[in-house]
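A, B, ... follow the sequence lines: proteins, then strands. Residue 1 opens every chain.
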Protein chains: 2
Amino acid sequence: MLKKRNVMTIGTLAKTAGVGVETVRYYQRRGLMSEPEKPYGGIRHYDEQALARLHFIRASQWLGFSLDEIGELLTLQDGAHCDEARELGEQKLISVRRKISHLQQIEQALNELVQKCSAGHGDVYCPLMASLNDGFEDATTDKHKVR
Amino acid sequence: MLKKRNVMTIGTLAKTAGVGVETVRYYQRRGLMSEPEKPYGGIRHYDEQALARLHFIRASQWLGFSLDEIGELLTLQDGAHCDEARELGEQKLISVRRKISHLQQIEQALNELVQKCSAGHGDVYCPLMASLNDGFEDATTDKHKVR
DNA sequence: ATTGCTTCCGTAGTGAGGTACGGGTTTAAG
DNA sequence: CTTAAACCCGTACCTCACTACGGAAGCAAT
């Protein structure tokens, strides 16, 4: 695994960043990473800039950004587009908070149902099943798409 | 729209339950709903049992169950399989709680970054971008798959 | 020189939960 | 009787982020 001055093959790069080779190639196709020109008949080499780019992508993904959004973020990298970046961050924060409160509603409802099932009952019926059969009129009355 | 004694066509059924016709047919293909035999040369009719089934599915989906899991739940509908149902509910509750705490970590990290950006800075650099460029060493050090 | 692991490249498949299409019947209304 | 809407059916397509496949060619070690 020769690694002269941080010059890597795609395999080494991928392993170092903890992603698959195919994933790197996929990011290239998506335009998230540039493909280095190949040196006369063969194998491309990557430096730590490429590695940093991968870290950027994974970090952004961890925060919930989609690959399209990450592409947008990347255009803001050079220069002082802090306002735009912050705006994207705020949007994402809003959507994360929405997801959290949605899940908290579910958590509450599910917890109630499970509790009711755990409390001894006549074994003739199941409170959880009964609620589901009733279309779950409970707790949350909002009709909205599941997806 | 003749509706003699709650007998519906697939279109009426779908509209009543708030789903698409194609969705009903998809659930049939998935085995979540039975297809009523068609009366000599044509159009099937559905009763409120079918409607209840759709409500069951949507309610379960709202609670975070996948269609496969819903299939499993449906096998527990008849009889006193309350223990199994509760078990599934508990598993789902655990996964919902995991998702919540994951999102809360994200919420916190994102909030910090956005705050830092909002606090006036020299405009020479963007704290949010800087963090992403560093691969976001911050807040959460756990390396795990994003998907 | 041969084995055996990478790399290169394009294309196709995965999973979840649907949605859309196209071509053929039926049925309800006018 | 004709037309428009609704139904039947199979198959293909969608999103998202990958993952796999297959064949050719390179490169490192034995």
Chemist: Starting at CZ of A:Phe65 and ending at P of D:dA17, how long is that distance when rounded to a whole Å?
Modeler: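 That distance rounds to 13 Å.
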
Chemist: Using whole Å, report how far CD1 of A:Ile10 lies from C1' of C:dT6.
Modeler: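 So the two atoms are 11 Å apart, to the nearest Å.
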
Chemist: To the nearest Å, how far apart are B:Tyr26 OH and C:dA16 C1'?
Modeler: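 Those two atoms, OH and C1', are 6 Å apart.
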
Chemist: Using a cut-off of less than 4.0 Å, is there contact between a side-chain N or O of B:Ser66 and OP1 or OP2 of C:dA16?
Modeler: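 So the side chain of B:Ser66 is outside the cut-off, no N or O lying under 4.0 Å from OP1 or OP2 of C:dA16.
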
Chemist: For salt bridge (Lys or Arg N to Asp or Glu O under 4.0 Å), just list the numbers for A:Glu112 and A:Lys116, CA-CA rounded to whole Å, side-chain angles, deciding distance to a tenth of an Å, and then say yes or no.
Modeler: CA-CA 6 Å; A:Glu112 269 175 40; A:Lys116 267 191 249 174; 5.2 Å; no

Chemist: Tell me: CD1 of B:Ile43 to P of D:dC9, nearest whole Å?
Modeler: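 Checked: the CD1 to P distance equals 10 Å.
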
Chemist: Does B:Arg29 get its side chain close enough to the base of D:dG10, under 3.5 Å, for a donor-acceptor pair?
Modeler: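 By the distance-only test, no, there is no pair.
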
Chemist: CG of A:Asp83 to CG of A:Leu88: how many Å apart, nearest 0.5 Å?
Modeler: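 Here the rounded value is 11.5 Å.
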
Chemist: What integer distance in Å separates B:Glu37:CD from D:dC8:C1'?
Modeler: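 That distance rounds to 16 Å.
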
Chemist: Is A:Arg58 close enough to D:dC18 that one of its side-chain N or O atoms is under 4.0 Å from OP1 or OP2 there?
Modeler: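 For A:Arg58, the contact criterion (side-chain N or O under 4.0 Å from OP1 or OP2 of D:dC18) is met.
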
Chemist: Let me confirm one number: the CD-CG distance from B:Glu48 to B:Leu51, rounded to the nearest 0.5 Å.
Modeler: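 Taking CD in B:Glu48 and CG in B:Leu51, the distance rounds to 8.0 Å.
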
Chemist: Between B:Glu35 (CD) and D:dC9 (C1'), how many Å, whole number?
Modeler: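 Nearest whole value for this atom pair: 10 Å.
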
Chemist: Whole Å only: how far is the CZ atom of B:Arg25 from the P atom of D:dA12?
Modeler: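 Going from CZ in B:Arg25 over to P in D:dA12 covers 15 Å.
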
Chemist: Counting only side-chain nitrogens and oxygens, does B:Thr23 get under 4.0 Å of the OP1 or OP2 atom of C:dG17?
Modeler: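 Indeed not, no polar side-chain atom of B:Thr23 lies that close.
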
Chemist: Is there a side-chain contact between B:Tyr27 and the phosphate of C:dG18, meaning an N or O under 4.0 Å from OP1 or OP2?
Modeler: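 True: B:Tyr27 side-chain N/O within range (under 4.0 Å) of C:dG18 OP1/OP2.
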
Chemist: Rounded to whole Å, please give me the gap between CD in B:Glu22 and P in D:dA12.
Modeler: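 My rounded result for the distance is 15 Å.
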
Chemist: Any chance the side chains of A:Arg25 and A:Gln28 put a donor and an acceptor closer than 3.5 Å?
Modeler: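 There is no such pair (donor and acceptor under 3.5 Å, judged by atom type) between the side chains of A:Arg25 and A:Gln28.
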
Chemist: How many angstroms lie between atom CZ of B:Arg30 and atom CD1 of B:Ile57, to the nearest 0.5 angstrom?
Modeler: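 Reported to 0.5 Å precision, the distance equals 10.0 Å.
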
Chemist: Counting only side-chain nitrogens and oxygens, does B:Gln28 get under 4.0 Å of the OP1 or OP2 atom of D:dG10?
Modeler: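 False: B:Gln28 side-chain N/O out of range (4.0 Å or more) of D:dG10 OP1/OP2.
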
